[in-house]
Each structure stands twice: as structure tokens, then as C-alpha cells.
**Q** 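Sharing a structure below in C-alpha cells format, with a few things to ask.
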Amino acid sequence: MGKTKNTKFKRPPFSPDGLAATPVKQAVEESEDEDSPAAELLDKLQSPSADVREYACASISRVVQQSQTIPGFLQRDAVRKIGPLLLDRSLVVRETAAGALRNLSACGGPEVCEDMVRQDVLTSLSAVLRECCAGFDVTTSPAMKGQKHTVEDVANEAVNLLWNLCESSSKAVSVFNKSGLLDILLHCLQRHPQNMELAITAAHCLHTVTEENSELVRSVNAGVFGILDNILSTTHTSMEYTLLRTLAAGSLWNLKSSLSSAQQSQTLTALATTLSHCLILDAGVLIPELWHAEYARLSKETTSATESDHTDERPAGHKAEEMEEDVRDEKMNGRKPKGQMSKTKSDISDLLPRDRLELREAKALMSAQQTSLEIIVNMCCSDEPSDDEWEEMSSSDESEVCADGMPDTNSSMFSPLCLSAELHTILLNHSIPQQVLKKAEFPSAVVLELCSKHPSWRCLLKKMHRVQCRALTCLHNILSSMDTESLGGASGLQAVALHLSTLVFSSAEVLKDEEFLEAVTSALRSLLQIMATKNIPQCMTPQQLMSFCEAATSCELVSVRVNALAILGITGSSLAKEKNTEDTLQLIGNALLNVATKDTNLVVCGEALDALFDVFADGDEAETAGKNINLLSSLKSLQPGFKAKLRKEGRGKYSPDQLCVLDNIRINLKRFIGYLENMQRK
């Protein structure tokens, strides 16, 4: 059904006017909990006592992590009541107020973020950030040493809130552009020698707001690039510095269009160097080293706290912070978060305690490698139409797109992207494809066992899984973007195919993981298509192929089912050219017919039919196999149902582009039946 668009990681688009307030209002109307703590806590915000105001903000931070309580706070105008406390005379109240709003934005979702922007929370947020930046130098003075709460702590919470808002609201990004907040972020970013936590938060936020932000790109000057270049040139070897450099690289990539051609060439080389240095780090070696270093340090520091006591304690905010990361991860994949916030006493605004240096380093390593892979994914699809442009193309006059019921297969919409020659060479010179392939492997068994045994390190398990899935998506884009010789020729592609099949068939649990299946099937589909066009033999046995596709076609994700069917079609069409493949072709044919007849999604049914056309189009083996499975009678039986379903469901359920392809398949089905009838008469 045409080539798929390369995956791109980005902030999801919102309408210029923001999301409708209906979901929030509905939630408020449905909130009838008379025992809600919202009223009491919001009243305490007006207390003359700073301690009471701090207590109220901290309590709100915890309570809103139970998502069912959020409507009660919104109903009582929580944002307008907490917002002014960002400028409270007490630093600790400012910090906890920013933390409460941060949690509300993270746990409430995009519609709550839009609501917060509409209620002008960015005015107070901008003001407190400016005051914080003005006070940074005062914080480092001898008189301020030893204070528990500093303006940098306030700034860190405020920048986290800004990050959440800009990630979920295009209106927030517009306000960011007009309010001069870029200078504030850069000021925070430059604090990395004094406060790495603040610098990394600012770098995350900058990476978000620079993405597809043409207004901001036009306003950047040489000073911005100078700051980012200086970060890239740092030589510190810590994992947090690795993360900082990676995020700076991502921002440079987003801003590259404002550079001259000569500057772009130099910047691309610096970016590739940064990403390569990050990906070459071996988590299988570094994570055990960091864990042992933490254990040794804690053993020296105290004899009263055993290692087991230490690892059984969940750091404050760990579970909630993980949920915040999950929400961001879901956004990058274009999916809505699943389920509701589980009940927890943790505070989402608390990061790992500062004495958890080694665990912080391990998390920074995983985050840096995930971000590096996402940047490379975007590098490999940077010249594709944006999501808005794709929508415009899909929504164009259907008669133009399908003048004769046939899609224009020469359209750029169906063409794989080729990297620019310069970027292609730079990525190859830095061994990026090989490093991506290495990251697509499963994490080492030693690391998995270590993290599983020690509760506070278990958070790394999900992070390692995400790195692997990002690597597989990255591999898919690289395969679609680079020529065969760049990937090692026939032997190189066969090695990659063997690697991917090893991943798929490593355990039964793998076939139940939807995120992994989506990533690996996309990569495998791209690879097998390339191998088929080059007549390179494939490596999966018929048993492996069928067990994989059986699991994939039962997956809820349409993209996984479509990929699996395409893999069957690609493999079958290659086998049809060989001798003694009749039995395997029968297996493939029966599987495709089963899906074409029973799947409820027309796109999936269409992909199954398209694959059948490819497999049984030509060849003695295919002709014999088709007769053995009664292919002609089966297609005749399903044809009326497919046509009726297309008429009934088509326009209301599928995009114009999908309808165009499905109508093409309808026409091809009629032609293919005629072809089989002619073959039968001979």
C-alpha cells in the first residue's frame, strides 16, 4: 500500500488557538467528590505564614498526582491562586509553588497545559525566571552558602514548568517567542559549571522550543550559536555533561537553517562527533561500574545504612518523575498516555537526591543515548514534509490525487528520502549506522539482572528498553535513507537481517511488546524490501516467518499488522522466483487470506490483498500454490464484502489518502481475479 513515511520525533502539533476547553470542563463537571482536599489546601495558600503556604503547595504537588483530584483543583481556580506565589517573598514558597504547577501540568495533560496558558500563568513564570537569573550571582556569594533553598532551585522548578507547557501548547511556544525567554534559558544553560541540574533542564526546554519553530529560528543570533558551540566543545567526561552536549546538539540541529552553508557543514560535523561519542559509550560496562561505585561510597560514608536498606528506598519523586517521562515519551511517539496516574506519595517535582550521584549519572547516560538516537532519526527524515504538509497533501482534492482511482506512485509522498550527500558522508565517517545497530541489541544480561535486583535502579530497565526501540526506529530510517553499499553491501545487509531476526525470536515475551514490535517490524520491513530489490537472499526460516507474523498480525497496533503483512508479501514475492517453495507460499497465502477476510481494519485488509497480488503474480511455484489454497475462489468470495465495507465505512473512518490507496486495491483486486481466471482457462 505504498511506502511508509519515516518516523520523526517531535512535539505533537496543536491548533493556534489551543485545545478546546471541553475536556477540562467535562472533567470539572464530573468531579463531585465532596471530600476533595482542594478547597482546604487552596485556602491555605492565602495564609500569612510562609510555612503554611509552603505546606499547601507541597501538598498540592502530591495530591494532583492522583489524576482524579485534578478536576477539583481546576474547578476552584487553582492556577490563578497558585500562580502569584511564584513571586512570593519566600524562596521556598516560590519553589514549591512552581513544583505544584509543574505537577499539575504533567499529570493534567495537554488540555490542562492549554488552560494554564489561557489563565496567563506564563506572565508570573516569566517574571520569576527573570528574578532568578538576576539573583544567580548572589546565590554563589559567601553569605548564601549553606542555604537549603536557593534561587537556582526555584529556577529549576520554573524551567521544568516552562518545558511542560511548551511541550504541550503551541500558544506557550508563541508566548515564549514574544517574551524574550530564550535569553533566560541560555542564562540557565550557562550555569552548568555551578548547577548541572538546572543547565540540563534548560537544555531540555531549549531542545523542545527550538523544534519546528521558524519564528524563533529567524531571531537567533551568533551569540546563541556561540553558547551552544561552547557546550559542545566541553571535555568533561561525566554522563551529565554527555547529556548536556547531546541536548545542545539537538538544539543546534533544530536551528541549523539560520546558518550559512559553510557554517552548516562545520556544525553538522560537530553534531555527528557529539552523537558518536555519546552512542559509543557502553551501558553494559558503565552501569555496573556506577553501581559498584555507589555501593563503595555509601559503605564508606556510613556503617548504619546497609546496601539493601539503601536500594529498597525509592527516591523522592522517582515514580512520579517516571510518569512525567512516560507522558513525554508517549507524545514523541504520537500516542496518548495510557491509563491514569497511579496513587503515590512521591512528589513529581523532586528529582533524585543530590547524593545519588552514580544513579543520576546512569540515568543521564540513558537519556543522552535516547536523545542522540532521536536526533539521528530526525536527521534521516529532515527533508520530508512536516505533519501539517502531509495533512494538506492527504486532504487535497481527491480527484487530483486519484484521477483514475490509482495513486501517483511517483509522488514524493511515496518516495523514500535520500540524505544529502554531505550529511550521508558525515554520518558514515562517524560510524553512526554501526553504532545504531549496536544499540538495537538487547541490553546485557548482567545489567538487567543488576537493575532488577536493586529497586532504586529498576527505573533504568525502562530506559534501556526505550534506547533499544529508538535504535530500531533509527535503523528503519537509516535503511530508508542510505544506499546499499553504505550499509556494507549484500553481506552487510544479511548481517543486519540476521541481527533483527535474532532480536525477534529471542523470547516469547518480545512478541507481546507492542512498542518493540512496531520498531522492529518497521526496520525489518525496510531491510527486506531493500534485499528483495537487490536479489539478496533472506535468512528467516518459514517457521520463524510464520510464527513472527502470527504474533504481529494479532497485535492491536495497526502499524504492526501492516508491517507484518508487508513482510509476508516481500518474502513471498522473492520465494515465488525460486524453486521448491510451493509449501512456504501456501503458508503465506493462507495467512494473508485469513487477514484479508477477518481483520476489521480496511487498511490492514488492503495490505493483505496487496501482498497477495505480489506473491501470486507470477511464477510456476506461485501458480501451483495458489491453486492448492483455492486462491481464486477465496478472492471472489471476499470481493463483495471488501467493496461494501469500503463504501460504507470509507469516507467516515479513513483519510483521503488511505481511501485513494484502498480504491486502487479494489480495482487491482478485480483485475487480479480476471488474471487468475485467464490462467485457469489455459
**Q** Identify the heavy atoms of Ser372 and Leu279 that sit nearest to each other, and give their distance.
**A** CB-CD2, 4.0 Å
**Q** Distance from Leu565 atom CG to Cys549 atom SG, nearest 0.5 Å?
**A** 7.5 Å
**Q** Minimum heavy-atom separation for Ala552 and Ala564, please, with both atom names.
**A** CB-CB, 3.4 Å
**Q** Got a donor-acceptor contact below 3.5 angstrom from the Gln468 side chain to the Ala440 backbone?
**A** yes
**Q** Measuring from atom CD of Glu623 to atom CG of Leu585, what distance do you get when rounded to the nearest 0.5 angstrom?
**A** 12.5 Å
**Q** Quick one: does any side-chain atom of Lys171 pair with a main-chain N or O of Glu114 as donor and acceptor, under 3.5 Å?
**A**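 No; zero donor-acceptor contacts below 3.5 Å.
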**Q** Do the side chain of Asn254 and the main chain of His207 share a donor and acceptor less than 3.5 angstrom apart?
**A** yes
**Q** Mark yes or no for whether Ser655, through its side chain, and Gln658, through its backbone, hold a donor-acceptor pair below 3.5 Å.
**A** yes
**Q** Got a sec, which residues hit side-chain contact (heavy atoms from CB on, under 4.5 Å) with Lys645, two or more places apart in sequence or on another chain?
**A** Thr600, Leu602, Glu649
**Q** Determine the minimum heavy-atom distance between Asn164 and Ser105, stating which atoms define it.
**A**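 Of all heavy-atom pairs spanning Asn164 and Ser105, the closest is ND2-OG, 3.0 Å.
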**Q** Leu635 versus Leu609: any side-chain heavy-atom pair under 4.5 Å?
**A**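 Yes, close enough: below the 4.5 Å cut-off.
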**Q** Give the intermediate values and the outcome of side chain to side chain donor-acceptor pair (under 3.5 Å) for residues Asp614 and Ser573.
**A** CA-CA 6 Å; Asp614 290 340; Ser573 61; 5.8 Å; no
**Q** What donor-acceptor contacts under 3.5 angstrom involve side-chain atoms of residues 624-632, with partners at least two apart or in another chain?
**A**
residue, atom, partner, partner atom, Å
Thr624, OG1, Asp620, O, 3.1
Asn628, ND2, Glu582, OE2, 2.8
Asn628, ND2, Gln586, OE1, 2.7
Asn628, ND2, Thr624, O, 3.4

**Q** Drop me the distance from Gln434's CD to Lys439's NZ, to the nearest 0.5 angstrom.
**A**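 NZ of Lys439 is found 13.5 Å from CD of Gln434.
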**Q** Heavy atoms only: give me the nearest Leu528-Ile570 pair and the separation to one decimal.
**A**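 That would be O-CG2, 3.4 Å.
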**Q** Rounded to the nearest 0.5 Å, what separates atom CG in Asn668 from atom CG in Asp610?
**A** 7.5 Å
**Q** Return yes if some donor-acceptor pair links the side-chain N/O of Arg561 with the main-chain N/O of Glu556 below 3.5 Å, else return no.
**A** yes
**Q** Quickly, which of Asn594, Leu593, Thr597 forms a side-chain contact (heavy atoms from CB on, under 4.5 Å) with Ser634? Name it, please.
**A**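 The single option meeting the side-chain contact (heavy atoms from CB on, under 4.5 Å) with Ser634 is Leu593.
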**Q** Going through the distances and angles, do Arg647 and Lys643 end up as a side chain to side chain contact (heavy atoms under 4.5 Å, CB included)?
**A** CA-CA 6 Å; Arg647 279 196 303 270; Lys643 290 170 62 178; 4.2 Å; yes
**Q** Please determine whether side chain to side chain contact (heavy atoms under 4.5 Å, CB included) holds for the pair Leu461 and Ser452, giving the CA-CA distance in whole Å, both sets of side-chain angles, and the decisive distance to 0.1 Å.
**A** CA-CA 8 Å; Leu461 295 173; Ser452 298; 3.7 Å; yes
**Q** Would you call Val595 and Glu607 a side-chain contact if the rule is heavy atoms closer than 4.5 Å?
**A** no
**Q** Can you tell if the side chain of Leu479 reaches within under 4.5 Å of the side chain of Gln529, non-hydrogen atoms only?
**A** no
**Q** Salt bridge check, Glu515 against Arg470: does any charged N sit closer than 4.0 Å to a carboxylate O?
**A** yes
**Q** Apply the test side chain to side chain contact (heavy atoms under 4.5 Å, CB included) to residues Gln538 and Ser574: give CA-CA distance (whole Å), side-chain angles for both, the deciding distance (0.1 Å), then the verdict.
**A** CA-CA 9 Å; Gln538 299 171 15; Ser574 296; 3.7 Å; yes
**Q** About how many Å separate CG of Leu437 and OG of Ser431, when rounded to the nearest 0.5 Å?
**A** 12.0 Å
**Q** Are more than 12 heavy atoms, taken from residues, nucleotides or ligands other than Lys653, located less than 6.0 Å from that residue's NZ atom?
**A** yes
**Q** Is it the case that the side chain of Gln544 and the backbone of Thr541 share a donor-acceptor pair, with hydrogens and angles ignored and the cut-off at 3.5 Å?
**A** yes
**Q** Check whether any side-chain N or O of Thr571 sits under 3.5 Å from a backbone N or O of Leu568 as a donor-acceptor pair, and report yes or no.
**A**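 No; judged by distance alone, with no hydrogens or angles, the pair does not exist.
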**Q** Which residue pairs satisfy the ring-ring contact (aromatic ring centres under 6.0 Å, His included) criterion with at least one member in residues 621-679, sequence neighbours excluded?
**A** Phe613-Phe672, Phe672-Tyr675
**Q** Would you say that Lys670 contacts Gln639 through its side chain, given a criterion of any heavy-atom pair below 4.5 Å between the two side chains?
**A**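 They are in contact (side-chain heavy atoms under 4.5 Å apart), so the answer is yes.
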**Q** Side-chain contact, heavy-atom cut-off 4.5 Å: Ile536 with Ile530?
**A**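 With C-beta onward as the side chain, the pair stays apart.
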**Q** Is there a side-chain contact between Leu475 and Val496 in this structure, where contact means two heavy atoms from C-beta onward sitting under 4.5 Å apart?
**A** yes
**Q** Give the minimum heavy-atom separation between Ser526 and His476, together with the two atoms involved.
**A**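 Smallest interatomic distance, heavy atoms only, reads OG-ND1, 2.6 Å.
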**Q** Would you name the heavy atoms of Leu472 and Ala519 that are closest together and state the gap between them?
**A** CB-CB, 3.6 Å
**Q** Report yes if the side chains of Ile478 and Val377 come closer than 4.5 Å at any heavy-atom pair, otherwise no.
**A**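 Result no, sub-4.5 Å side-chain heavy-atom pair not found.
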**Q** Just verifying a value: how many Å separate Glu211 CD and Asn378 CG, rounded to the nearest 0.5 Å?
**A**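 Reported value, rounded in 0.5 Å steps: 6.0 Å.
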**Q** Treating Asp663 as the side-chain partner and Leu659 as the backbone partner, does any N or O pair qualify as donor plus acceptor under 3.5 Å?
**A**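 Side chain of Asp663 to backbone of Leu659: no pair is present.
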**Q** Can you tell if the side chain of Cys451 reaches within under 4.5 Å of the side chain of Arg458, non-hydrogen atoms only?
**A** no
**Q** Strictly distance-based, threshold 3.5 Å: is any side-chain N or O of Thr581 a donor or acceptor partner for the main-chain N or O of Leu575?
**A**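 It does hold such a pair.
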**Q** Could you go through Leu669 and Leu638, starting from their C-alpha distance and side-chain angles, then the distance that decides it, and tell me whether this counts as side chain to side chain contact (heavy atoms under 4.5 Å, CB included)?
**A** CA-CA 10 Å; Leu669 175 58; Leu638 67 82; 4.2 Å; yes
